[in-house]
Undergrad: 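Below you will find the structure I want to go over with you.
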Amino acid sequence: MNKPRSFEKLWRKRFENFAAHAEDDAGIAGWSPTGLDARLRKFKEIWHNSNHVLDKKKWLDAGCGAGTYSRFIVQQGKEVVGLDYSLPSLQKARLKGESSIVWCVADINKIPFKPGYFDGAICFGVIQALNNSIHAVSSLSRTIKPGGYICMDALNSRCLPHIWEQFSRRAQNKPIHLRYETADNLRRLMKKNGLVNIQIHWLPILPARWYRYQWIMESRLTRWLFHYFPFLGQLFCHSFMMSGQRQQDMHNV
Ligand SMILES: C[S@@+](CC[C@H](N)C(=O)[O-])C[C@H]1O[C@@H](n2cnc3c(N)ncnc32)[C@H](O)[C@@H]1O
């Protein structure tokens, strides 16, 4: 088993490497192009269906990578800080336009803005590369003001392919490659950090070779099934996004 620190260090090196060698958003972030496509589509759907984002002006994109989401949010008329610990990623993100975005090299565990500075924060693709979600959730929750909105994602540890992968790695005594998370644990941490109105958005992502069938996973029927029978989402969704709001009356959590 990798020592916890070396897992995070390995990922940091990988992210810097991805950014040094790729030019496209997905490659810089280490996603497959189809995976980024599906994620971005889901986030846009959440954004356009949420009343909570409309009045939020200042946004943090924590672990922004190539800045895909930062650019989307700025195009909605908001102010954005794109934060990432990988300088090569930010250098490439900056070259992709939207000059009003502020780019910031920092670790998500030590966000260099005063508590409550942001109205909203997103964090995608990050907690899978951390030893645990505890510090990231508390750091992000502190950074938004009471009433502020957070949306983060995780790789679902309870979906069938991930259950199999975890089992087979353990059986072969191989270290974990990515850290999977349960929806229950992330929800618990968000609650513990004073977040309310927590909602889960299941994110089924088919492998690239089956991507032509992705529309089935995103159809109204499938979404209805995942919404009303969450155990189906748990078994069949590669990832999930979870959103919440910081309680209005909580100042020190
Ligand atoms: C999988 S990429 C996702 C990029 C972007 N959010 C997206 O979804 O396209 C993860 C990004 O998070 C950054 N990252 C990972 N751990 C971080 C940490 N502890 N602090 C700051 N950035 C981090 C990586 O450098 C990488 O750019």
Side-chain angles (χ1 to χ4, degrees), residues 19 23-26 28-29 31 33 35-87 89-106 108 111-127 136-137 139-153 190 193-201 203 218 223 239-248 250-251:
E23 296 303 328
D24 62 308
D25 282 21
I28 292 168
W31 298 126
L36 178 57
D37 224 41
R39 287 180 161 85
L40 184 59
R41 209 164 34 244
K42 186 69 184 181
F43 178 64
K44 286 181 177 176
E45 179 195 313
I46 296 172
W47 181 280
H48 291 304
N49 289 328
S50 169
N51 298 327
H52 304 304
V53 300
L54 295 177
D55 57 340
K56 311 279 180 288
K57 188 144 193 270
K58 289 185 187 162
W59 284 80
L60 173 69
D61 181 359
C64 62
T68 314
Y69 296 84
S70 301
R71 288 193 298 282
F72 167 72
I73 294 175
V74 117
Q75 285 156 9
Q76 311 309 305
K78 312 290 183 187
E79 294 170 17
V80 179
V81 172
L83 175 146
D84 206 291
Y85 62 14
S86 158
L87 179 62
S89 309
L90 292 179
Q91 285 169 330
K92 295 245 161 117
R94 197 170 66 86
L95 293 175
K96 288 176 181 272
E98 297 299 353
S99 57
S100 67
I101 300 172
V102 173
W103 304 106
C104 169
V105 190
I108 193 174
I111 297 174
F113 288 86
K114 63 177 197 282
Y117 181 81
F118 293 100
D119 300 305
I122 59 167
C123 179
F124 299 140
V126 175
I127 64 177
V137 175
S139 172
L140 281 175
S141 310
R142 259 198 316 273
T143 207
I144 54 162
K145 57 183 58 144
Y149 177 88
I150 285 191
C151 188
M152 55 201 309
D153 77 344
M190 288 173 84
N193 282 278
L195 300 175
V196 292
N197 298 334
I198 296 171
Q199 288 185 21
I200 182 155
H201 313 271
L203 189 43
E218 294 180 23
R223 274 189 288 174
S239 301
F240 57 86
M241 290 180 172
M242 204 169 264
S243 59
Q245 267 186 289
R246 192 167 153 199
Q247 252 174 14
Q248 283 287 5
M250 290 197 70
H251 295 282

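Numbering of residues begins at 1 and proceeds along the displayed sequence.
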Undergrad: In Å, rounded to the nearest 0.5 Å, how long is the span from OH of Y149 to CG of D55?
TA: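 Answer for the OH-CG pair, Y149 versus D55, is 12.0 Å.
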
Undergrad: Distance check, rounded to the nearest 0.5 Å: I144 atom CD1 versus Q245 atom CD?
TA: 8.0 Å

Undergrad: Do L140 and L60 come close enough that some side-chain heavy atom pair is under 4.5 Å?
TA: yes

Undergrad: Please round to the nearest 0.5 Å and tell me the distance separating atom CD1 of I101 and atom CD1 of I73.
TA: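 So the CD1 of I101 and the CD1 of I73 are separated by 9.0 Å.
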
Undergrad: Under 4.5 Å between any side-chain heavy atoms of M241 and E45, yes or no?
TA: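 Not touching, per the 4.5 Å side-chain cut-off.
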
Undergrad: If I compare all heavy atoms of V53 with all of W47, which pair ends up nearest, and what's the gap?
TA: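 Taking V53 first and W47 second, the nearest heavy atoms are CG2-O, 3.5 Å.
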
Undergrad: Do any N or O atoms from the side chain of R246 and from the backbone of I150 form a donor-acceptor pair under 3.5 angstrom?
TA: no

Undergrad: E218 and A38: which non-hydrogen atoms are nearest, and at how many Å?
TA: OE2-CB, 4.0 Å

Undergrad: Any non-hydrogen side-chain atom of C64 less than 4.5 Å from a side-chain atom of L90?
TA: yes

Undergrad: Looking at every heavy atom in both S141 and N193, which two are closest together, and how far apart are they?
TA: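 Answer, listing the atom of S141 first, then N193: OG-CB, 3.5 Å.
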
Undergrad: Do you know the tightest heavy-atom contact between K58 and Y117?
TA: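 Shortest heavy-atom contact: CD-O, 3.7 Å.
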
Undergrad: Does a sphere of radius 6.0 Å around CZ in R94 hold more than 12 heavy atoms from other residues, nucleotides or ligands, not counting ones at 6.0 Å or beyond?
TA: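 Incorrect, the count does not exceed 12.
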
Undergrad: What residue pairs, at least two apart or across chains, pass side-chain hydrogen bond (donor to acceptor under 3.5 Å, both in side chains) with a residue in residues 76-85?
TA: K57-E79

Undergrad: Is any side-chain heavy atom of L36 less than 4.5 Å from a side-chain heavy atom of D24?
TA: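 A side-chain contact under 4.5 Å is absent here.
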
Undergrad: How many angstroms lie between atom NZ of K42 and atom OG of S239, to the nearest 0.5 angstrom?
TA: 11.5 Å

Undergrad: At what distance, to the nearest 0.5 angstrom, does CH2 of W31 lie from CG of L40?
TA: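 The distance works out to 11.5 Å.
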
Undergrad: If every non-hydrogen atom of E98 is compared with every non-hydrogen atom of Q75, which pair is closest and at what distance?
TA: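 Nearest heavy atoms, E98 then Q75: OE2-NE2, 3.0 Å.
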
Undergrad: Going through the distances and angles, do S70 and D61 end up as a side-chain hydrogen bond (donor to acceptor under 3.5 Å, both in side chains)?
TA: CA-CA 6 Å; S70 301; D61 181 359; 2.7 Å; yes

Undergrad: State, with a plain yes or no, whether a side-chain heavy atom of I111 is found less than 4.5 Å away from one of C104.
TA: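 Side-chain contact under 4.5 Å: no.
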
Undergrad: Could you tell me which residues satisfy ring pair (Phe, Tyr, Trp, His ring centres under 6.0 Å) with Y69, sequence neighbours excluded, listed by chain and number?
TA: F43, F124

Undergrad: With side chain to side chain contact (heavy atoms under 4.5 Å, CB included) as the test, would you mind laying out the steps for V137 and M152 before giving the verdict?
TA: CA-CA 9 Å; V137 175; M152 55 201 309; 4.0 Å; yes

Undergrad: Measuring from I46:CD1 to R41:CZ, what's the distance to the nearest 0.5 Å?
TA: 13.0 Å

Undergrad: Looking only at heavy atoms, what is the nearest atom pair of V126 and A62, with distance?
TA: CG2-O, 3.6 Å

Undergrad: Contact between K96 and D25 at the side-chain level, heavy atoms closer than 4.5 Å - yes or no?
TA: yes

